[in-house]
Amino acid sequence: MEKKIVAAVIAFWLTLSFGSGSTSVANDICTEAITRLRNCLQFLTTTAPSPSLACCEAVGWVSQHATTTQDRRDLCKCLKSASLAYKVDPTRAKELPDVCKVSVPVPILPQIDCDKIQSSID
């Protein structure tokens, strides 16, 4: 069941990406981010007291791979779609970077406007 959800989210993202002219690099980052962040589902969708080490490592990976404004916006859209598909608790998603002690440039929140995300690195 979980694999079907991941496949549906990835298919949805790929459809959006091709329709909006995004590059395959964005698709690759999205796919990798979702794969890695699956380690966080228990924390993000239940009352698990803390995320796993693998989850926090995934959060760190996301932070390292969102280096430009466009990367951040693409990743934001990807994570936003995934958070809705997985029914991620927005409060837990907001807490995750702090709990993992990782600064992230891309929040995992369903209500965020991804087109407003900026990068000071561009």
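This one's a predicted model, so the numbers in the text were calculated from it and none came from an experiment. Residue numbers start at 1 and run along the sequence shown.
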- Task: For residues N39 and C55, report the shortest heavy-atom separation together with the two atoms involved.
- Result: O-CB, 3.5 Å
- Contacts of D115 meeting salt bridge (Lys or Arg N to Asp or Glu O under 4.0 Å) (sequence neighbours excluded), chain-then-number -> K77
Donor-acceptor contacts, no H, no angles, side chain residues 40-47, under 3.5 Å, sequence neighbours left out:
unit_1	atom_1	unit_2	atom_2	d
T45	OG1	L41	O	2.5
T46	OG1	Q42	O	2.3
T46	OG1	A48	N	3.1

- Mind checking what makes side-chain contact (heavy atoms from CB on, under 4.5 Å) contact with C100, not counting sequence neighbours? P51, C56, V59, L96, V102
- What are the two closest non-hydrogen atoms of T69 and I117, and how far apart are they? CG2-O, 3.4 Å
- Message: Could you tell me if the side chain of P105 sits less than 4.5 Å from the side chain of S63, heavy atoms only?
- Response: yes
- Query: In Å, rounded to the nearest 0.5 Å, how long is the span from OG of S83 to CG of L37?
  - Reply: 11.0 Å
- Query: If you look at every heavy atom in Q118 and R73, which pair is closest and at what distance?
  - Reply: NE2-NH2, 2.9 Å
- Query: Could you give all pairs that pass the ring-ring contact (aromatic ring centres under 6.0 Å, His included) test and reach residues 56-85, with sequence neighbours left out?
  - Reply: W61-H65
- Taking side-chain hydrogen bond (donor to acceptor under 3.5 Å, both in side chains) as the test, write out the residues that go with E32, two or more places apart. R36
- Task: Might you point out which heavy atoms bring T35 and T31 nearest each other, and give the distance in Å?
- Result: OG1-O, 2.8 Å
- List in chain and number order the residues that pass side-chain hydrogen bond (donor to acceptor under 3.5 Å, both in side chains) with R92, two or more places apart in sequence or in another chain; answer none if no residue qualifies. none
- Message: If I compare all heavy atoms of D71 with all of A66, which pair ends up nearest, and what's the gap?
- Response: CB-CA, 4.1 Å
- Side-chain contact, heavy-atom cut-off 4.5 Å: V88 with L79? no
- Can you tell me how far the CG atom of D74 sits from the OG1 atom of T68, to the nearest 0.5 Å? 7.5 Å
- Side-chain contact test, heavy atoms from C-beta onward, threshold under 4.5 Å: evaluate it for I29 versus C78 and give yes or no. no
